[in-house]
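Only a predicted model underlies this, so the values are computations on that prediction, with no experimental measurement involved.
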Amino acid sequence: MDPRCTVTADAVLFDLDGVLVDSTAAVEGHWRAFAARNRLDPVALLEDLHGRRMVDIIARALPEFSPGELAREAAWMEDTEARGARTGTRPQPGALALTRALAGRPWAVVTSGTAPVATARMNAVGLPAPPVLVTGEQVEHGKPHPAPYLLAAERLGVAAQDCLVVEDAPAGLAAGRAAGSITLAFTTSHAPAELHADHVAATPADVVVVPGEPLTLALDCRPH
């Protein structure tokens, strides 16, 4: 790797799906099943899926449902996704090496998924447990609201503006920017032109933890 830039931060806050794990095919398959179950247009449902909380997607798709009916559908979806993690998830290139290199450093996983789904996917690919895990049900407002990243920074004991947020979706990057953080986008699910970030790279394989203090990452950045 021939790094062209470095980023120094007090902590690294990773999104999960599309950033550390590749679950796109499985996730879209689960939502297609959800669409069929509820007689929805799967194309419309999948248009703005990535980076958003399951409960928000379901509530938007089924505005006529009662709270009890929405809870039932959310439970069905959560069970489907957690079970699907065993066969439908793999690590993104370089994700295992990058997160293992952060051992003893402050980092977090900040996902729109629920805790059971996130844990199942991390376990399925062998990711190390992060010092902090923020999931969709832990915040009142999901991405693109900054609440998830602000909570992760608070739990790590660092200022959000001194964190590096690593995302693959516009909604997540909007959350990182709103939190005041430095942003790094991977082009695993969207074209570079769709990703408004301070830095853009292809995958975690293009990021290396530089030994020593402070926490510094060397990036093989793509033009953006």
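- Of all heavy-atom pairs between Pro106 and Leu215, the closest is O-CD2, 4.3 Å.
- The hydrophobic clustering, which links ILVMFWY residues whose side-chain heavy atoms are closer than 4.5 Å, places Val110 and Leu98 apart.
- In terms of modelled atom types and a separation under 3.5 Å, the side chain of Glu194 and the main chain of Ala191 share a donor-acceptor contact.
- Of the inter-residue distances, the one linking Trp107 atom CH2 with Thr99 atom OG1 reads 5.0 Å to the nearest 0.5 angstrom.
- In this structure, Leu164 is a member of the same hydrophobic cluster as Leu102, with clusters built from ILVMFWY side-chain heavy atoms closer than 4.5 Å.
- Taking CZ of Arg32 as the start and CG of Leu40 as the end, the distance is 12.5 Å to the nearest 0.5 Å.
- Side-chain contact check for Leu127 versus Val21: some heavy-atom pair is nearer than 4.5 Å.
- Hydrophobic clustering places Val207 together with Leu16 (ILVMFWY residues linked when any side-chain heavy atoms are closer than 4.5 Å, directly or through intermediates).
- The existence of a salt bridge linking Arg53 and Glu137 is excluded, since no basic side-chain nitrogen approaches an acidic carboxylate oxygen closer than 4.0 Å.
- Between the Thr89 side chain and the Arg121 main chain, no donor and acceptor come within less than 3.5 Å of each other.
- The closest side-chain heavy-atom distance from Trp31 to Ile58 is below 4.5 Å.
- Residues Val208 and Leu219 fail the side-chain proximity criterion, which asks for heavy atoms closer than 4.5 Å.
- In this structure, the side chains of His196 and Pro170 stay at 4.5 Å or more apart for every pair of heavy atoms.
- Residues Val55 and Val117 do not share a hydrophobic cluster, defined by chaining ILVMFWY side chains whose heavy atoms lie under 4.5 Å apart.
- Between Val132 and Val109 there is no side-chain heavy-atom pair separated by less than 4.5 Å.
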*When you look at Leu217 and Val209, which way does the side chain to side chain contact (heavy atoms under 4.5 Å, CB included) test go after all the steps?*
CA-CA 5 Å; Leu217 305 179; Val209 179; 3.7 Å; yes
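- Residues Leu62 and Glu69 have side chains not in contact (no heavy-atom distance under 4.5 Å, counting atoms from C-beta outward).
- When all heavy atoms of Ala59 and Leu70 are compared, the pair lying nearest together is CA-CD2, 4.1 Å.
- Side-chain atoms of Asp56 do not come within 3.5 Å of backbone N or O of Arg52 as any donor-acceptor pair.
- Closest of all the heavy-atom pairs between Ala118 and Thr135 is CB-CG2, 4.3 Å.
- When the side-chain contact (heavy atoms from CB on, under 4.5 Å) test is applied to Asp162, the partners found at least two apart in sequence or on another chain are Asp10, Ala159.
- A donor-acceptor pair under 3.5 Å is formed between the side chain of Thr216 and the backbone N or O of Pro214.
- Contact annotation: the side chain of Pro93 never approaches that of Phe186 to less than 4.5 Å [non-hydrogen atoms, C-beta and beyond].
- Between Lys143 and Asp15, at least one side-chain N (NZ, or NE/NH1/NH2) sits under 4.0 Å from a carboxylate O, which counts as a salt bridge.
- When all heavy atoms are compared, the tightest approach of Leu96 to Val125 is CD2-O, 3.6 Å.
- Leu151 and Val19 are assigned to two separate hydrophobic clusters, defined by single-linkage of ILVMFWY side chains at heavy-atom distances under 4.5 Å.
- A distance-only check finds a donor-acceptor pair linking the side chain of Asp41 to the backbone of Val43 [under 3.5 Å].
- His141 approaches Pro148 most closely through the heavy-atom pair O-CD, 3.6 Å.
- The environment of Arg155 atom CZ is dense: over 12 non-hydrogen atoms of other residues, nucleotides or ligands sit within 6.0 angstrom.
- Residues Phe34 and Met54 fail the side-chain proximity criterion, which asks for heavy atoms closer than 4.5 Å.
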*asked:* Checking Leu195 against Thr187 for the side chain to side chain contact (heavy atoms under 4.5 Å, CB included) test, could you report, in this order, the C-alpha distance in whole Å, the side-chain angles of both residues, the deciding distance, and whether it holds?
replied: CA-CA 8 Å; Leu195 301 170; Thr187 57; 4.1 Å; yes
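- The line from CD of Glu28 to OG of Ser23 is 9.5 Å long, rounded to the nearest 0.5 Å.
- Judged by distance alone, the side chains of Glu167 and Tyr149 do bring a donor and an acceptor atom under 3.5 Å apart.
- In this structure, CG in Leu150 is found 8.0 Å from NE2 in His145, a value given to the nearest 0.5 Å.
- Between the side chain of His30 and the backbone N or O of Gly84 there is no donor-acceptor pair closer than 3.5 Å.
- Between Arg83 and Asp79 there is a salt bridge, since at least one side-chain N of the basic residue sits less than 4.0 Å from a carboxylate O of the acidic one.
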_Applying side chain to side chain contact (heavy atoms under 4.5 Å, CB included) to Val210 and Thr8, what does each step give before you reach the verdict?_
CA-CA 10 Å; Val210 178; Thr8 298; over 6 Å; no
*For Val158 and Cys163, run side chain to side chain contact (heavy atoms under 4.5 Å, CB included): C-alpha distance rounded to whole Å, both residues' side-chain angles, the deciding distance at 0.1 Å, then the answer.*
CA-CA 8 Å; Val158 298; Cys163 293; 3.4 Å; yes
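- Of all heavy-atom pairs between Gly18 and Gln92, the closest is O-NE2, 3.3 Å.
- Side chain of Thr183 to backbone of Asp198: a donor-acceptor contact under 3.5 angstrom is found.
- At least one donor-acceptor pair under 3.5 Å links the side chain of Thr80 to the backbone N or O of Trp76.
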